[in-house]
Amino acid sequence: MDKELFLVKKGLADMLKGGVIMDVVTPEHAKIAEEAGAVAVMALERVPADIRAKGGVARMSDPQMVSEIMKTVSVPVMAKCRIGHTIEAQVLQSIGVDYIDESEVLTPADEEFHVDKWAFRVPFVCGCRNLGEALRRIGEGAAMIRTKGEAGTGNVVEAVRHQRAVQREIRRVVMAPDEELATIAKELGAPLELVKMVKETGRLPVVNFAAGGVATPADAALMMHLGSDGVFVGSGIFKSGNPAKRAKAIVDAVAHWQEPEVIAEVSKNLGEAMVGINIDVLDDKEKLARRGW
Amino acid sequence: MKIGIFALQGDVAEHIKAIEASGCTPVQVRNPQDLDNLSGLVLPGGESTTFWKLSNRIGLDKKIISLAKEGFPIFGTCAGLIMMSHDIEGYPNQPTWDIMDITVRRNAYGRQLESHVETIHAKDIGDVSVAFIRAPFITRVGEKVEVLSCDKEGNIIFVRQGNFLGAAFHPEMTGDIKIHNFFCDIARRV
């Protein structure tokens, strides 16, 4: 592995820490996100709530649309490829996107294998539900991790579950004596070298964002409280009553997550939040987080 | 000696580590009152548009600008350098804090695919391994600005103006702390 290349892949994610990355479907949305203080945007054709509503196969966005968003904003632009779809990832790299999200929000192209992310110059972010899944993705070359949450629901409960699982398992690794690490690695299904790194540093070896169901400034601050380095907001902004105001409020809440009085102030008169879906009414097969392994 | 790190967004943790390794006490700066009783301030890497918005909403920008006018030592890296500049090429409407008499070009090397690690030579400091991540460079320097380093093509990447240091790159990503030591020495002498 090229150490220097991995440093700059991981390094861009380091620059995003403490920030909010917003899903946008048009250059106009991208402008609103940048104006609100987003540190990056995720360019896609439909936000997860619409993917859920419309059904069918969700794929990589039209490269023309992604390129237009890249021309419109000065912040980094991310785009999604399907799990295991190496060619979609190559296409996105060839048009020069700054980060690729190998995402369970799109319909998986491969139910067994993820993309070999070491083979790319462009960095990847991948979703996880627990520490083992996070370390498997990092082992495949991911330079940034996010919780899967349950995208397009406006319900933060799954993101909370996933972030708590990651942090709990990190604490377990940190407390474990060295002779237990190989067995823990086996149980987690994770590379031993990465488990050792977690023990040494007390955290994931890459930046760890929250994603999937964040709808309010308080949701975003909660994810920071649980140990996230920053927050992705998908449908939560542009499916709400006043996207510009909500976007700015979420950016403020993440920067000042330890100051409830700031969160109170920015939460006033935000208009309607996205309606949201209770996770328990979803069948397991409707849950996007179950895609990937 | 306490050195502040602008902590509203960006790679704050990496600068905290580098400042600690330089033998100073890092202090996270999130509100104007956090700037009291510090000997210097580091502006990290991050997104310059986000830095401006977050700091402007709470008046942190005004306090930084007024401290700079008194010669308070400030060291900006990447996005931090952009905030310290007088103006940004091609972005006449993006506000800066106008701390150094320089003009910068954002994403001057291109997008993320051009990000790289390089060993540079800096005047008064020596060879340092640093990371360029969607990095800017400096396209104009005023009379009071001293150029400390250029890249292979001759673009200006590291400058000093009195107690101010500005770097287009990230010295905090590689564990090579020579430049942080240099800044702490400036702060110590004030």
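The shown structure was predicted, so the numbers you read here are calculated from the model rather than taken from an experiment. Order of the sequence lines fixes the chain letters, A, B, ..., with proteins taken first and strands second; residue numbering starts at 1 for each chain.
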- Contact origin within B:Arg57 toward chain A - heavy atom pairs under 4.5 Å: side chain
- Top residue by heavy-atom pair count (under 4.5 Å) with chain A, among B:Asn31, B:Leu8, B:Val12, B:Leu113? B:Leu113
- Where on A:Glu259 is there a heavy atom nearer than 4.5 Å to chain B: the side chain, the backbone, both, or neither? side chain
- Query: For B:Phe51, is it the side chain, the backbone, both, or neither that has a heavy atom closer than 4.5 Å to a heavy atom of chain A?
  - Reply: neither
- What part of B:Thr49 gets closer than 4.5 Å to chain A, counting heavy atoms only: side chain, backbone, both or neither? side chain
- Message: I'd like to check B:Gln94 versus B:Ser48 (side-chain heavy atoms, cut-off strictly below 4.5 Å). Are they in contact?
- Response: yes
- Query: What is the ring orientation for B:Phe158 with B:Phe75, classed by angle as parallel under 30°, tilted 30 to 60°, or perpendicular over 60°?
  - Reply: tilted
- Applying a strict 4.5 Å limit to non-hydrogen atoms, the region of B:Arg30 in contact with chain A is both
- Message: Just so I understand: if I count every heavy-atom pair under 4.5 Å between each of A:Ser74, A:Ala255, A:Gly96 and chain B, which residue has the most?
- Response: A:Ser74
- Query: Is the count of non-hydrogen atoms from other residues, nucleotides or ligands lying under 6.0 Å from B:Lys17 atom NZ greater than 12?
  - Reply: no
- Query: Do the ring planes of B:His116 and B:Tyr109 sit parallel (below 30°), tilted (30 to 60°) or perpendicular (above 60°)?
  - Reply: perpendicular
- Query: So which of A:Glu34, A:Gln93, A:His256, A:Gln258 has the biggest tally of heavy-atom pairs under 4.5 Å with chain B?
  - Reply: A:His256
- Heavy-atom distances under 4.5 Å only: say whether A:Ala36 touches chain B with side chain, backbone, both or neither. backbone
- Using non-hydrogen atoms and a 4.5 Å limit, figure out which bit of A:Ala38 sits close to chain B: side chain, backbone, both or neither. backbone
- Message: Looking at B:Lys63 and B:Asp36, is there a salt bridge between them, counting it only when a charged N and a carboxylate O are closer than 4.0 Å?
- Response: yes
- Message: Looking at A:Arg146 and A:Asp101, is there a salt bridge between them, counting it only when a charged N and a carboxylate O are closer than 4.0 Å?
- Response: yes
- A:Val77 versus chain B, heavy atoms under 4.5 Å apart: side chain, backbone, both or neither? both
- Per-residue tally against chain B (heavy atom, under 4.5 Å) across A:Leu7, A:Val20, A:Asp229, A:Val262 peaks at A:Leu7
- Query: At a heavy-atom separation under 4.5 Å, does B:Glu172 approach chain A through its side chain, its backbone, both, or neither?
  - Reply: side chain
- Ion pair check, B:Glu146 and B:Arg160, cut-off under 4.0 Å: no
- Query: Hey, are A:Asp98 and B:Arg134 close enough for a salt bridge, meaning a charged N less than 4.0 Å from a carboxylate O?
  - Reply: yes
- Cation over ring face, B:Arg106 and B:Tyr91, 6.0 Å, 45°: yes
